[in-house]
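Below is one structure, written out as structure tokens, with a few remarks after it.
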Amino acid sequence: MSAITSSSATGTRTWRVPRLPLRDWIFITLCGWGVMLLGVVLVGNLIDHWAWIAGLFGRDVNDISVTSSIWGMMSGVTVWFVGFVTGYYLHYYLPAFIANGRTRRDTAIEAGIFGGVLAAVASVLVTVGFVYERVVYAIAGWQRGTPGDTLYQDYDDYGQILLVSIAGLLMWAAGGAMIGSSFYRSNERGLLSVAIAFAAVGLVGGASGLAGPFAFVARQFEVDRNLLVSFVAALMATVVLAGVTWWNVRKLPLRNK
Amino acid sequence: MKIEVQDVSLAYGETQALDSVRASIDGPRIVGLLGRNGSGKSSLLSVMAAFRPADSGTVTYDGQPVWENPVVASQIALIREGGDVHGEDEKLDEIFRYAAWLRPNWNASMAEELAEAFRIPRKTNLDKMSRGQRSAVGVVLGLATQAPVTMFDETYLGMDAPARVLFYDLLLKEYMERPRTFILSTHLIEEVSRILEDVIIIHEGEVLMQTATDDLLGQGVAMTGPADRVDSFVQGMNVIGTRDLGRTRSTTIFGGLSASQRIEARELGLEFTPLELQDLFVHLTTQKEVRR
């Protein structure tokens, strides 16, 4: 058996792209995205159908027709999904990888890659969803209206939608990672991390206009929103949340189940 | 590969799990880590595999520390009863798929053969398997990983007797074909003693002794005969246990018998029988003062 040689001596990179979990979870993400795309058509038609029934009872059908973005509402679930999956990754995958001969440092880097790629893929899918919705609405003759508590001014402003999505999703991925790793350490630490994570994504997301589900927070801030400032604020929150995650992981003792 | 455990201590709150533990293994060897429940076996293996940091002390492999060392860590496999897989609701194929991705020496064909030999169900989720089947999954992972240092932390205790015998046979076969270091933590000593080359006995967080199995077995002797003669014979010897049956006394000594002592014992009409490893272990761990 050959003697062990030091990786630092040879200068080789020891972390790697977590291809296998990425492949699995991107597949699940795509499946969910496909269901949501179908959902736009289904929900839109249900509303139309309801309008026809309501018309029989003398209601003004214009009040009930599709006048807002269904995708805009449905894609709100994306932040929860990305936060949950990265939390799941930190709670289940990362300890299993450490138990299989990987270091905490390498698995933490890989978790960062996983969360970053997942957030990027989800952002692209959210943006493509708006393109798809435009086509569906054009065919059906529905109206999308204008976005509410978000940084982008129009549902057709795909570049801004992509930027806003990726900034928000990165923040949620880091929050999820922090919660997942904290619950692995202890339930008390996990509960505390939930409060910290929601405070961070709620305040930064709300104040910056990367509102997500915290639109009610956004309405409390009477500030001129700027995409660049919001993007930087979200990235800073992401770095802080990722830092707490590393603090959890760096000396993580593996539980014996 | 040489494993050195140097003054490792570990505490869980007020409980001192390991207290300045020192041990050395110069592989390839099959080593038994023996100890009673709560003696610190799992804690020691956890530190040796970098599953948790020690409070103090170091563990090195060929002189390099194991903690956060990617090259060393990839050479070690610690298999625990939980399996340490990424999802309790995964099936065997999924577990193997990830093992192949994670483990540089993963032997897929061997894993398939072992899964067949242990009759592990392919379509049952891990959390729906019986304890024996889960243990078998751990055993298969440990053997097919082919890590230069493979530790089994009582992984196989959930298996039934035929499966355990199959495990011991497979482990020996593996050891002969691809010599490497196996460390078996167990309290099923009688079963496993035939395959152990070395033993480390741990008790209350301290290493009681580390020695070759054959040397250890030569140390424990039960002297049986009339109580007065036995007492007279063992005077000055290291007595680690005594049992009486009527006027007959059986006294266990630790330290072996010289040729002249054997002759003397025969002349006194005393019987002397070497102890089985398990009996010796019981005496040693209930007589803490017997130390090297």
Side-chain angles (χ1 to χ4, degrees), chain A residues 1-25 27-28 85-111 114 180 184-186 246 248-257, chain B residues 1-2 10 12 27-28 42-43 45-47 49-53 60-64 66-90 94-95 97-106 127 134 141 145 147-149 153 178-181:
Chain A
M1 196 178 301
S2 60
I4 290 172
T5 53
S6 165
S7 64
S8 55
T10 53
T12 51
R13 171 172 68 82
T14 50
W15 56 267
R16 54 186 176 167
V17 175
R19 277 200 303 263
L20 205 55
L22 269 175
R23 194 189 310 161
D24 290 350
W25 280 103
F27 175 74
I28 292 168
V85 174
T86 48
Y88 188 88
Y89 185 97
L90 264 289
H91 195 273
Y92 291 102
Y93 284 72
L94 183 135
F97 293 171
I98 293 170
N100 277 282
R102 316 302 310 286
T103 64
R104 284 149 186 81
R105 177 184 169 276
D106 287 349
T107 50
I109 292 170
E110 290 161 7
F114 178 85
Y184 189 84
R185 296 297 297 259
S186 70
W246 169 240
N248 281 334
V249 169
R250 70 192 176 94
K251 287 192 175 178
L252 188 78
L254 300 188
R255 288 181 190 170
N256 202 354
K257 291 174 203 166
Chain B
M1 185 180 290
K2 183 161 189 175
L10 178 69
Y12 305 110
S42 296
S43 295
L45 292 181
S46 291
V47 173
F51 274 31
R52 62 166 57 246
T60 59
Y61 292 74
D62 283 345
Q64 289 198 48
V66 64
W67 180 255
E68 285 298 274
N69 186 330
V71 179
V72 176
S74 65
Q75 312 273 321
I76 300 163
L78 168 57
I79 307 298
R80 307 188 293 184
E81 198 170 50
D84 289 300
V85 296
H86 67 281
E88 287 288 297
D89 55 348
E90 300 294 352
E94 180 69 1
I95 292 166
R97 193 166 69 98
Y98 269 82
W101 181 66
L102 286 163
R103 287 296 186 176
N105 301 328
W106 178 252
D127 57 357
R134 288 168 62 91
L141 289 173
T145 291
V149 177
D153 185 9
R178 284 175 278 264
R180 54 191 197 267
T181 297

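A note on names: the letters A, B, ... follow the listed sequences, proteins ahead of strands, and every chain is numbered from 1.
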Portion of N100(A) that has a non-hydrogen atom of chain B nearer than 4.5 angstrom: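 It is both, since atoms from each part get that close.
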Which region of L252(A), side chain (C-beta onward) or backbone (N, CA, C, O), has a non-hydrogen atom less than 4.5 Å from a non-hydrogen atom of chain B, or is it both or neither?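 Answer is backbone: N, CA, C or O of L252(A) sit under 4.5 Å from chain B.
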Under 3.5 Å, is there a donor-acceptor pair linking the side chains of Y93(A) and D24(A)?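 No, D24(A) and Y93(A) have no side-chain donor paired with an acceptor closer than 3.5 Å.
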When you compare the side chain of R102(A) with that of R16(A), does any pair of heavy atoms fall below 4.5 Å?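 Yes, their side chains come closer than 4.5 Å.
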Contact part of S74(B) toward chain A, heavy-atom cut-off under 4.5 Å: side chain, backbone, both or neither?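 For S74(B), the contact with chain A is made by backbone and side chain together.
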Interchain contact, R97(B) with chain A, by part (heavy-atom threshold 4.5 Å):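 Both backbone and side chain.
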Ring-ring centroid check W101(B) F97(A), cutoff 6.0 Å: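 Yes, they do, as the ring centres are separated by less than 6.0 Å.
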What distance do F114(A) atom CZ and L90(A) atom CG have between them, rounded to the nearest 0.5 Å?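 The CG atom of L90(A) is 9.5 Å from CZ of F114(A), to the nearest 0.5 Å.
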